[in-house]
Amino acid sequence: MEAGEDFVSRVLAVVESIPPGAVMTYGDVAAAIGSRAARGVGQVMAYYGSEVQWWRVVRASGHPASGHEDRALERYRAEGTPLVAGSSVRVNLRLARHRP
DNA sequence: ACGGTGACTAACC
DNA sequence: CGGTTAGCCACCG
């Protein structure tokens with residue numbers, strides 16, 4: 001890990017490394033950069049999310065970012081991300097979870 | 001340094 | 001499955 005890179009840069013780098021059809025939870029992204037700040041990742045995504053593939057970062061429950069479920073669903077259908085059948089949009093983490 | 005906030009999580013009821 | 005509680009940590013004023 002490069003010292004000197006700030007939290008924001010690391011988070012964005014990890015998110016951009018997630019391949020199509022796969023996802024990572026906020027906690028996973030934090031862990032990938034040697035941190036446990038899931039909420040910190042959320043803060044970064046809320047501000048810089050529009051610059052990256054924000055729909056590939058979901059909650060530990062599989063639900064996409066709050067307030068963006070509708071747009072996330074379009075992306076999942078386009079990428080073929082495995083979802084869980086049900087009334088609400090939920091990614092099947094068992095199949096789609098990306099582990100570097 | 002300090003306190004409020006949140007695109008979080010796990011544990012419990 | 002839904003709601004509550006507590007713990008967590010980076011961001012911002």
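Keep in mind that what you see is a predicted model, and the values were worked out from it rather than measured. Lettering follows sequence order; numbering is per chain, from 1.
Across the protein-nucleic acid pair, A:Ile18 atom CD1 and B:dA7 atom C1' stand 14 Å apart, rounded to whole Å. Computed from coordinates, the A:Asp6 CG to C:dC9 P distance equals 19 Å when rounded to whole Å. The CD-P distance, from A:Gln43 to B:dA7, rounds to 7 Å in whole Å. Rounded to a whole Å, the CZ atom of A:Arg59 is 11 Å from the C1' atom of B:dT9.
Contact record, A:Gln53 with A:Val15: O-CG1, 3.8 Å, taken as the closest heavy-atom pair. For the residue pair A:Ala60 and A:Thr25, the shortest heavy atom distance occurs at CA-CG2, 3.9 Å. Taking all atoms of both residues into account, the shortest heavy-atom contact from A:Tyr26 to A:Ala65 is OH-CB, 3.6 Å. A pairwise comparison of heavy atoms in A:Ser61 and A:Leu93 identifies C-CD1, 4.3 Å as the closest pair. The minimum heavy-atom distance linking A:Tyr76 with A:Pro64 is given by the pair OH-CB, 3.6 Å. When all heavy atoms of A:His98 and A:Ser17 are compared, the pair lying nearest together is NE2-O, 4.1 Å.
Between A:Thr25 and A:Gly40, the residue whose closest nucleotide on DNA chain B is further toward the 5' end is A:Gly40.
For C:dA10, the OP1/OP2 oxygens have a side-chain nitrogen or oxygen of A:Ser35 closer than 4.0 Å. Note on A:Arg36: every side-chain N or O is 4.0 Å or more away from OP1 and OP2 of C:dC8.
Of the residues in residues 45-58 of chain A, none lies under 4.0 Å from DNA chain C by heavy-atom distance. A heavy atom lying under 4.0 Å from DNA chain C marks none of the residues of residues 77-100 of chain A.
Distance alone, capped at 3.5 Å, is enough to place a donor-acceptor pair between the A:Arg56 side chain and the A:Ile18 backbone.
Comparing C:dC9, B:dT9, B:dA7 by their closest approach to the side chain of A:Ser66 singles out B:dA7. Of the candidate nucleotides C:dA10, B:dA7, C:dC9, B:dA7 has the atom nearest to the side chain of A:Ala65. For A:Arg39, taking side-chain heavy atoms from C-beta onward, the closest of the listed nucleotides C:dC9, C:dC11, B:dT9 is C:dC9.
Using a 4.5 Å cut-off between side-chain heavy atoms of Ile, Leu, Val, Met, Phe, Trp and Tyr, with links allowed through other members, A:Val8 and A:Val14 fall into the same hydrophobic cluster.
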Dump every N/O contact between nucleotides 10-13 of chain B and the protein below 3.5 Å, one line per pair.
none

